[in-house]
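The basis for the numbers below is simple: all heavy atoms, side chains too, and nothing from hydrogens, waters or symmetry mates. Remember, predicted model here, so these are calculated numbers, not experimental data.
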Amino acid sequence: MSDNEILQQILAVTQSLKADVSSLKTDVSSLKTDVESLKTDMKTVKSDVQDLKSDVRTLKTDMQDTKHRITSLELTLENETNRNIRLIAEGHLDLGRKLDQALMVENQKEMLLIRVNTLENEMRKLKEQMVTTS
């Protein structure tokens, strides 16, 4: 092979290498763009994670406040409301007993009125008999 042919082959190989290097440069440039895009996306993700952490902290605080309020309500129910209901119920029981006693007295009064009425009728009949017999 002549020097010219060798040079031609070297030139062909060099041009092929240039094309490959150019293709690699394009690929590297594309990778750089993709990496920059990924970096931007990661910054967004980090920001979103920070927002989520802040929201979770707020939710935890709200949850603790809610637990405290529920505990306070439970204590109020146990110590005040239930006791007051029991006192009112006992008062109603007393009212029921007093009503029963009042009704008993009223029943006795009615019985006495009936008895007086019966005795008055018997007395009137006896008087009439005495007047008619005398």
**Q.** Spacing of I10 atom CD1 and L17 atom CG [to the nearest 0.5 Å]
**A.** 11.5 Å

Q: Output yes when a side-chain donor or acceptor of S29 lies under 3.5 Å from a complementary backbone atom of K25, and no otherwise.
A: no

Q: Using modelled atom types only, decide if a donor and an acceptor are shared between the side chain of T66 and the backbone of D62 within a distance under 3.5 Å.
A: yes

Q) Do the non-hydrogen side-chain atoms of K109 and E106 ever get within less than 4.5 Å of each other? A) yes

Q) Do M111 and Q108 come within less than 4.5 Å of each other through their side chains, counting heavy atoms only? A) no

(Q) Nearest 0.5 angstrom please: H68 NE2 to D65 CG, how far? (A) 8.0 Å

Q) How far does CD1 of I6 sit from CG of L11, to the nearest 0.5 angstrom? A) 13.5 Å

Q) Rounded to the nearest 0.5 Å, how far apart are OG1 of T44 and CE of M42? A) 9.5 Å

Q.
Let me confirm one number: the CE-CG distance from M104 to L99, rounded to the nearest 0.5 Å.
A. 11.5 Å

Q. Could E128 and R124 be called an ion pair, given the rule that one side-chain N must be under 4.0 Å from one carboxylate O?
A. yes

Q) Are the side chains of T81 and I85 in touch, meaning some heavy atoms are under 4.5 Å apart? A) yes

Q: Output yes when a side-chain donor or acceptor of S16 lies under 3.5 Å from a complementary backbone atom of A12, and no otherwise.
A: no

Q) N84 versus L87: any side-chain heavy-atom pair under 4.5 Å? A) yes

Q. Are V49 and K53 close enough that some pair of their side-chain heavy atoms sits under 4.5 Å apart?
A. yes

Q: Taking T76 for its side chain and S72 for its backbone only, find out whether a donor-acceptor pair lies under 3.5 Å.
A: yes

Q | Distance (rounded to the nearest 0.5 Å) between K67 NZ and E74 CD | A | 12.0 Å

Q) Is it true that atom CG of D3 has more than 12 heavy atoms of other residues, nucleotides or ligands lying nearer than 6.0 Å? A) no

Q) Is a side-chain donor or acceptor of S23 paired with a backbone partner of A19 at a separation under 3.5 angstrom? A) no

